[in-house]
Structures are given as structure tokens and as C-alpha cells.
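Here the structure is laid out as C-alpha cells; the discussion comes afterwards.
Here the structure is a predicted model, which means the values were calculated and not measured. Residues take their numbers from the sequence shown, with the count starting at 1.
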Amino acid sequence: MIQGRVIGKIWSSRRVASLPPGALLEVETDGGGRLIAFDPLGCNTGEAVLITQGSVAAGYFTGRTAPVDALIIGSIDETNEVNS
């Protein structure tokens, strides 16, 4: 899993029919990279999220083959970091 923060929304007026209902969000990962993730949860800009990628992301959807490579699977309410 990848942890990141939503930094924007991607608007698209046309989509392929096999893309399920949801939003496309731009996420900055904790490593500093950026990716576009499909969001079935309704997350907002500034929200910390967990993302899965690859076949796990595409396999999440039942009854259809979804063209999704990165999927937001959770919204992080808080973390408990241990300082060493």
C-alpha cells in the first residue's frame, strides 16, 4: 500500500463505459511522487489516503473489468508514529 495526500481532482467529460462511478484524484505520495488514483469513497483535497495498485486495484470491482491501476482504499483519520 501507498500512503499519500489528495492534492487535486481530475475532471473528465468523457470516460470509457467500464469505468465505475467515482472520481479521479491526484495524490502526492509520502515519497514525493504523484499519481492519479480512482476514488470510490468520496475523498476530498487535503485528505490523507491509502492506495493500492495493479491487479489488486483492478480486481476490486465485481462484475466488470475496470481500467483502474491505482485505487484509494482508505481515508486515514490518524496515524500513531513512534519516534526512535
Side-chain angles (χ1 to χ4, degrees):
M1 280 186 272
I2 300 169
Q3 185 173 329
R5 188 164 300 276
V6 177
I7 58 172
K9 296 182 178 185
I10 306 295
W11 301 99
S12 115
S13 58
R14 293 185 283 172
R15 294 176 162 208
V16 295
S18 58
L19 193 62
L24 296 171
L25 301 181
E26 186 172 13
V27 177
E28 183 171 280
T29 66
D30 280 358
R34 291 183 178 191
L35 57 82
I36 305 300
F38 185 80
D39 174 30
L41 303 177
C43 295
N44 288 311
T45 302
E47 201 166 333
V49 293
L50 287 174
I51 300 165
T52 190
Q53 289 185 291
S55 61
V56 175
Y60 167 77
F61 303 96
T62 56
R64 67 172 69 191
T65 301
V68 172
D69 186 49
L71 175 69
I72 294 176
I73 58 170
S75 172
I76 301 171
D77 294 326
E78 64 181 76
T79 60
N80 187 11
E81 296 182 19
V82 177
N83 295 328
S84 54

Open item on the list: Please give me the minimum heavy-atom distance between Pro21 and Arg64, naming the atom from each residue.
Closed with: CD-NH1, 4.4 Å
Task: Over all atoms of both residues, closest heavy-atom pair of Leu35 and Ala70 - done: CD1-CB, 4.1 Å
Task: Spacing of Leu25 atom CG and Asp39 atom CG [to the nearest 0.5 Å] - done: 4.5 Å
Open item on the list: Testing the basics here: between Cys43 and Ile72, what is the closest heavy-atom pair and its distance to 0.1 Å?
Closed with: SG-CG2, 4.0 Å
Task: Residue pairs, two or more places apart or on separate chains, that pass side chain to side chain donor-acceptor pair (under 3.5 Å) and touch residues 7-23 - done: none
Open item on the list: I'd like to know if the side chain of Arg5 and the backbone of Gly46 have a donor-acceptor N/O pair within less than 3.5 Å.
Closed with: yes
- [ ] Please go through Leu19's hydrophobic cluster and name the other residues, only I, L, V, M, F, W, Y counting, with side-chain heavy atoms under 4.5 Å joining them.
- [x] Met1, Ile10, Val16, Leu24, Ile36, Phe38, Leu50, Tyr60, Phe61, Val68, Leu71, Ile73, Ile76
